[in-house]
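Here the structure comes first, spelled out in structure tokens, and everything after it is commentary.
Chain letters run A, B, ... following the sequence lines, proteins first, then strands; residues in each count from 1.
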Number of protein chains: 2
Amino acid sequence: MLMSDLLERLRGRGWRLTSQRRVVAEVLDGDHVHLTADEVHARAVERLPEISRATVYNTLGELVVLGEVLEVSTDGRAKRYDPNAHHAHQHLVCSGCGAIRDVHPQGDPLSALPAAERFGFVISSAEITYRGLCPNCAGQAR
Amino acid sequence: MLMSDLLERLRGRGWRLTSQRRVVAEVLDGDHVHLTADEVHARAVERLPEISRATVYNTLGELVVLGEVLEVSTDGRAKRYDPNAHHAHQHLVCSGCGAIRDVHPQGDPLSALPAAERFGFVISSAEITYRGLCPNCAGQAR
DNA sequence: GTCATTGCAAAGGGTTTGCACGTAG
DNA sequence: CTACGTGCAAACCCTTTGCAATGAC
């Protein structure tokens, strides 16, 4: 996701461009890890000391509704935000520390579900989540 | 999941069999919908009026650790508990009301991820979640 | 009788909300 | 100028926890 593109697109949709929103977008753009709202806030504060948690939550929520960012909730923990909304991908989730990393698919999982198995649901997306231990947590377990 | 089997297995593992635990197990057995902890509590109360929410949470947590029940968290909402832990299956999740329904797979998604794409993770399981609208919510949207 | 389990109520994360102030357009 | 966006603090939902009372074995 190129920042300039993102801000461009949002401005086009009538988004009022505030420094807070710019900083949130920059934080998401700068890092391809999937951050929690609180982590986004922490990094945003480094650039704009008085940004509030509420604004970060609001802004992330808007980006999700606008389809610019994906919300990923992998367990009972905090949601994580995935800036990679425009490229289909799957997730590797660490059961130890909750970290998420993207992997890129070879097929479309949607096509794997025959109509007979849809039970009247109107399916719009499919996600594959692989669970296990990241290299770091797997090492500590020994 | 046959109740008698379940209670049998748990007794064999040294589980102290209280009326609360029996009722929670009965609720899970009686319904193949995936209930939230609060819904389990509501149904348990019908049979055992003074059962507490804490006990329901504790018991569900134990059943998860024992591998008898699966914890499914599909979004920022409450976790849901899936009594169908002994048969591999995937989930259809309604974006409208949060309902979950099981579907049965034709292949093992684990095998679909080549070693080169694992980034050092030790993968132990894979889940596929299909999102969309259930027949009920799709109807209301019109 | 002993010790695991319960119920209660309070605390705890994570997230949302109400409202007065500030500011982009 | 005028909505719209912000910050603060309180409210909220879901879940976990501390502790004394209870009851399964």
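Distance, B:H41 NE2 to C:dG7 C1': 10 Å, rounded to whole Å. The separation between A:L10 atom CG and C:dA24 atom C1' is 15 Å, rounded to whole Å. Note: CZ (A:R80) to P (C:dT15) measures 10 Å, nearest angstrom. The nearest whole Å value for the distance from the CG atom in A:L60 to the P atom in D:dG5 is 15 Å. The interatomic distance linking A:R11 (CZ) with C:dG25 (P) rounds to 8 Å, in whole Å. As a whole-Å value, the separation of B:L48 CG from C:dT6 P is 10 Å. Here the P atom of nucleotide C:dA11 and the CZ atom of B:R53 are 18 Å apart, to the nearest Å. Following rounding to the nearest Å, A:K79 (NZ) and D:dC14 (P) show an atom-to-atom distance of 12 Å.
Which of C:dC8, D:dC25, D:dG7 sits closest to the side chain of B:A54 comes down to C:dC8. Set against C:dA24, D:dG23, C:dG14, the side chain of A:R16 has C:dA24 as its closest nucleotide. For B:Y57, counting side-chain heavy atoms from C-beta on, the closest listed nucleotide (C:dC8, C:dT17, D:dC14) is D:dC14.
Checked by atom type, the side-chain pair B:H87/B:D102 shows no donor-acceptor distance below 3.5 Å.
Taking the six-membered ring for Trp and thresholds of 30 and 60 degrees, A:H89 and A:H34 have ring planes inclined between 30 and 60 degrees apart.
The 5' end of DNA chain D is approached more closely, in terms of each residue's nearest nucleotide, by B:D38 than by the other of B:S19 and B:D38.
Residue A:T18 places none of its side-chain N or O atoms closer than 4.0 Å to OP1 or OP2 of C:dA24. Phosphate contact (OP1/OP2 of D:dG23, side-chain N/O of B:Q20, threshold under 4.0 Å): absent. The side chain of B:R21 places an N or O atom within less than 4.0 Å of a non-bridging phosphate oxygen (OP1 or OP2) of C:dT5. The side chain of B:T55 places an N or O atom within less than 4.0 Å of a non-bridging phosphate oxygen (OP1 or OP2) of C:dG7.
Within the 4.0 angstrom heavy-atom criterion, base atoms lie near B:N58.
Here the side chain of A:E117 pairs no donor or acceptor atom with the backbone of A:P114 at under 3.5 angstrom.
Contact annotation: the side chain of A:D29 never approaches that of A:L6 to less than 4.5 Å [non-hydrogen atoms, C-beta and beyond]. Contact check for B:L66 versus B:W15: side-chain heavy atoms found under the 4.5 Å cut-off.
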